[in-house]
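A quick write-up on the structure given underneath.
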2 protein chains.
Amino acid sequence: MAVALDDLDRKILSELQKDAEQSLDEIARRVGSSKTPVWNRIRKMKDMGVIARTTAILDPEALGLEACFFVLIRTSEHEADWQRKFLKALKERPEVMEAHRLAGDIDYILKVRVKNARAYDQFYQALISEVRIYNVTALLSMEEIKSTTTLPL
Amino acid sequence: MAVALDDLDRKILSELQKDAEQSLDEIARRVGSSKTPVWNRIRKMKDMGVIARTTAILDPEALGLEACFFVLIRTSEHEADWQRKFLKALKERPEVMEAHRLAGDIDYILKVRVKNARAYDQFYQALISEVRIYNVTALLSMEEIKSTTTLPL
DNA sequence: CGTGAAAGTTTACGCAA
DNA sequence: TTGCGTAAACTTTCACG
């Protein structure tokens, strides 16, 4: 799955992560190359799936999404059918920003963005009514110290 | 901090979150409006900071970043000076994708993206040598079930 | 406030080296 | 692979309905 990228590819990706709206000429200038090679490389990396998509990053506070919870989940159920239902529920809920299956003691972690604590409770009630869960711990974020989509290259 | 957005604004944001490279004409068509109003609204939302930036989303696996850890941190230190040093360390380390200060028992949670477990251990050793930490639990992600930057509108 | 068109940029690609 | 040149497409502004 990993792909061979040279130094120029990495510089281009770094620029696109900083600001995907820069023109080709601008990017070319910054990475010390010119339009055609930059364009060819960008296209190749899109085709290969290194660049998945380009998106607008919005400010959650400005949209009134002021609460962020990390949810640690333990389950007693490990059958395929239960898991399918649980994953489906997570994928369908837009307030679930991230969901990971974990190694060890805790089975799943979620990151959930909502308007306020009440909205979180509604989400929680809906989730446990859809699937059986053994134990849930919610961690409330007081302050987002850092949040980046910029992967280290 | 929250901003008044109407239905058309929300539709535009939703399109930009799906794909920020769509042309104005395309977006206008999808949201049932036309170029100029869409352009005016996008500019206003950028000025107001609702749209923070636009960025390329890369595939971490394709870049060889195959390990993702959630790190739960408890500290005994709560002085301003310690905190300043700790936050600075987090902001400077590119492998820290997210960092939140929490309410309750656990003080901080981090999301850390690295090449492998060895790279995580290097990060961990470096961090604890920079600042005193009372207790750390690392949760290793086995599977990224969901990961989105698309906020619920 | 929306429509349409005009002017200036940028992209996307062919072709030569 | 890169660099140049260009047609087509897109962005941005503005005058008018």
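Residue numbers begin at 1 in each chain, while the letters A, B, ... track the order of the sequences. The shown structure was predicted, so the numbers you read here are calculated from the model rather than taken from an experiment.
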Across the strands shown, which category fits B:N40 at heavy-atom distances under 4.0 angstrom: base, sugar-phosphate, nothing?
->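 Nothing: the residue B:N40, judged by heavy atoms under 4.0 Å, touches no strand.
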Quick one: label B:P37 by what it contacts on the DNA or RNA (base, sugar-phosphate, nothing), any heavy atom closer than 4.0 Å.
->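 Result for B:P37 = base.
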Is any side-chain N or O of [X] closer than 4.0 Å to OP1 or OP2 of [N]?
{"X": "A:S34", "N": "D:dT2", "result": "no"}
{"X": "A:R41", "N": "D:dT1", "result": "no"}
{"X": "A:R43", "N": "C:dC13", "result": "yes"}

How long is the line joining [atom1] of [X] and [atom2] of [N], in whole Å?
{"X": "A:E26", "N": "C:dT9", "atom1": "CD", "atom2": "P", "answer": "14 Å"}
{"X": "A:K44", "N": "D:dT2", "atom1": "NZ", "atom2": "C1'", "answer": "13 Å"}
{"X": "B:L24", "N": "C:dT10", "atom1": "CG", "atom2": "C1'", "answer": "14 Å"}
{"X": "A:K46", "N": "C:dT11", "atom1": "NZ", "atom2": "P", "answer": "10 Å"}
{"X": "B:D9", "N": "C:dC1", "atom1": "CG", "atom2": "P", "answer": "11 Å"}
{"X": "A:W39", "N": "C:dT9", "atom1": "CH2", "atom2": "C1'", "answer": "17 Å"}
{"X": "A:D47", "N": "C:dA12", "atom1": "CG", "atom2": "P", "answer": "12 Å"}
{"X": "B:I42", "N": "D:dT13", "atom1": "CD1", "atom2": "P", "answer": "13 Å"}

Atom pair [atom1] ([X]) and [atom2] ([Y]), whose distance is rounded to the nearest 0.5 Å:
{"X": "B:R43", "Y": "B:R41", "atom1": "CZ", "atom2": "CZ", "answer": "14.0 Å"}
{"X": "B:R10", "Y": "B:I12", "atom1": "CZ", "atom2": "CD1", "answer": "12.0 Å"}
{"X": "A:I57", "Y": "A:T54", "atom1": "CD1", "atom2": "OG1", "answer": "9.5 Å"}

Using the 3.5 Å cut-off, write out each protein N or O paired with an N or O of nucleotides 4-7 of chain C and the distance between them.
| from | atom 1 | to | atom 2 | distance (Å) |
| --- | --- | --- | --- | --- |
| C:dG4 | O6 | B:T36 | OG1 | 2.7 |

Answer whether the closest heavy-atom distance between the side chains of B:F123 and B:L110 falls below 4.5 Å.
->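 When only atoms from C-beta onward are counted, B:L110 and B:F123 do touch, with a gap below 4.5 Å.
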Side-chain donor-acceptor pair present, B:T149, A:R53, cut-off under 3.5 Å |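 B:T149 vs A:R53: donor-acceptor pair found between side chains.
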For B:A126, enumerate each residue passing the side chain to side chain contact (heavy atoms under 4.5 Å, CB included) test, keeping only those at least two apart in sequence or located in another chain.
->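 By the side chain to side chain contact (heavy atoms under 4.5 Å, CB included) rule, B:A126 matches B:R93.
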When you match A:L8 and B:D25 each to their closest nucleotide on DNA chain D, which lands nearer the 5' end?
->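 It is A:L8, whose closest nucleotide lies nearer the 5' terminus.
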Under a single-linkage rule joining Ile, Leu, Val, Met, Phe, Trp and Tyr whose side-chain heavy atoms are separated by less than 4.5 Å, which residues share a cluster with A:F70?
->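 Taking Ile, Leu, Val, Met, Phe, Trp and Tyr as members, A:F70 shares its hydrophobic cluster with A:L72, A:L102, A:I106, A:I109, A:L139, B:F70, B:L72, B:L102, B:I106, B:I109, B:L139.
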